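All of these numbers come straight from a predicted model, not from anything done at the bench. Residue indices begin at 1 and follow the sequence shown.
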Amino acid sequence: MAYVRKNAGALTATERKRFVDAVLEVKRRGEYDEFVRTHVAYFAADGETQLRTAHMAPSFLPWHRRFLLDMEDALRRVDASVTLPYWDWTRDRTATSVPWTKDLLGGNGRRSDQQVTTGPFAYATGNWAIKVGVTDGRYLTRDLGRAASPIQLPTKDDVSWALNDPVYDVQPWDSTVTQGFRNKLEGWGTGSGSASWHNHNRVHRWVGGAMLGAASVNDPVFWLHHAYLDMQWERWQGAHSSHRYLPAAPPGAGDAQHGRVVARHDKLPPWSDTPDQLEDMSGVYRYE
């Protein structure tokens with residue numbers, strides 16, 4: 001039977017505590033830092049010549065879907081009642097709303113050094129030291145809303161702009177495309193500065209701190225953010241049932257993207273799953 005992923009704002013006090021306790025236990029066991037390492041290892045930009053799986057490529061959504069399932073499995077080995085909640089940032093849009101409460105993810109970083117000092121993931125609790133990162137910082141950091149240069153979270157219209165595109169992705173299958181659901185949701189835009197950040201990318205920048213780099217998994221909000229994106233993929237699939245993951249076949253030998261993107265029936269490193277196998281999760285989980 002499929003289990004349920006809930007809106008973080010709908011979790012009961014008991015559900016919040018069980019989720020937090022499970023995350024902390026996965027961290028204590030050393031498994032959480034392996035998730036950080038995996039995300040760092042597969043964070044390849046499209047300016048590089050290697051295979052891109054996690055970002056700037058069609059497999060952005062199935063890669064993170066599989067990544068979330070692995071984390072959810074780890075949580076459920078601790079507590080079978082726990083599932084990943086999602087953060088609807090089109091509704092909960094302030095630095096004091098869900099999920100930034102003391103009993104869930106804690107609040108903003110302090111002004112002096114962006115260190116998170118409230119909630120269960122504050123460094124002072126002794127339970128959340130950063131061990132894998134792109135800097136030497138040992139504590140979780142956030143800069144909700146970017147105090148020095150404020151930006152706003154994406155809106156429902158921003159999400160609809162992505163959902164209304166019936167084509168999953170288009171050539172050249174990278175961060176430069178201006179059409180296709182995948183990049184409209186992932187959020188690589190034209191121009192410079194905050195105007196070029198959409199949906200997924202804009203949320204990472206709004207949270208700031210640890211969420212800005214390849215080691216963004218160090219902030220547990222990563223999972224709630226990507227669960228919401230995963231839900232949007234499910235919504236897109238329901239709205240455009242005749243359209244599927246693209247490319248359907250690997251780019252040919254003369255194509256600049258040859259060997260650099262994952263086609264529908266290709267294995268999705270580091271797993272053996274294909275995007276085709278990850279398109280329908282209705283037998284595993286559902287959103288409410």
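- Between His240 and His243, the ring-plane angle classifies as perpendicular under the 30° and 60° cut-offs.
- Nearest heavy atoms, Glu15 versus Leu11: OE1-CA, 3.3 Å.
- For the residue pair Tyr139 and Asn218, no side-chain donor N or O sits within less than 3.5 Å of a side-chain acceptor on the partner.
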Assess whether salt bridge (Lys or Arg N to Asp or Glu O under 4.0 Å) is satisfied between Asp158 and Lys184, documenting all intermediate values.
CA-CA 9 Å; Asp158 294 320; Lys184 287 182 178 179; over 6 Å; no

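- The one candidate from Trp236, Trp233, Tyr245 that meets the ring-ring contact (aromatic ring centres under 6.0 Å, His included) condition with Phe181 is Trp236.
- Of the possible polar contacts, none joining the Arg146 side chain to the Pro150 backbone as a donor-acceptor pair under 3.5 Å is found.
- Relative ring orientation between Tyr32 and Trp223 is described as perpendicular, the plane-to-plane angle rising above 60° on a 0-90° scale split at 30° and 60°.
- Of the charged side-chain nitrogens involved, at least one lies within less than 4.0 Å of a carboxylate oxygen, so that Arg110 and Asp113 count as a salt-bridged pair.
- The heavy-atom pair separating Leu278 from Leu268 by the smallest distance is CD1-CD2, 3.8 Å.
- Neither side chain, Arg244 nor Gln237, offers a donor N or O lying under 3.5 Å from an acceptor on the other.
- Cluster annotation: Leu51 is not connected to Val261 through the hydrophobic network of ILVMFWY side chains, with a link wherever side-chain heavy atoms come within less than 4.5 Å.
- A side-chain N or O of Glu72 and one of Tyr3 form a donor-acceptor pair less than 3.5 Å apart.
- Aromatic rings of His39 and Phe35 (six-membered ring for Trp) have centroids beyond the 6.0 Å cut-off, not under it.
- No side-chain donor from either of Ser160 and Asp157 sits under 3.5 Å from a side-chain acceptor of the other.
- By the 4.0 Å N-to-carboxylate-O rule, Lys27 lies close enough to Asp33 to be salt-bridged with it.
- The existence of a salt bridge linking Arg77 and Glu31 is confirmed by a sub-4.0 Å separation between a basic side-chain nitrogen and an acidic carboxylate oxygen.
- With 3.5 Å as the limit, one finds a donor-acceptor pair spanning the side chains of Thr101 and Arg16.
- Checking Asp276 against Thr274 by side-chain atom types alone, no donor-acceptor pair falls below 3.5 Å.
- Under the 4.5 Å side-chain heavy-atom criterion for ILVMFWY residues, no single connected hydrophobic cluster contains both Tyr168 and Val177.
- Between His200 and His225, the ring-plane angle classifies as parallel under the 30° and 60° cut-offs.
- In this structure, Ala8 and Leu104 approach most closely via the heavy-atom pair CB-CD2, 4.2 Å.
- For Phe60 and Trp188, the ring centers are positioned 6.0 Å apart or more.
- At a cut-off of 3.5 Å, with distance as the only test, no side-chain donor of Arg5 or Thr83 sits close to an acceptor on the other residue.
- Nearest heavy-atom pair across Ala215 and Val36 is CB-CG1, 4.0 Å.
- Ring centroids of Trp100 and Trp87 are separated by less than 6.0 Å, placing the two rings close together.
- In this structure, Arg28 pairs ionically with Glu25, as a charged nitrogen and a carboxylate oxygen lie closer than 4.0 Å.
- In this structure, Trp128 has its ring center at least 6.0 angstrom away from the ring center of Tyr123.
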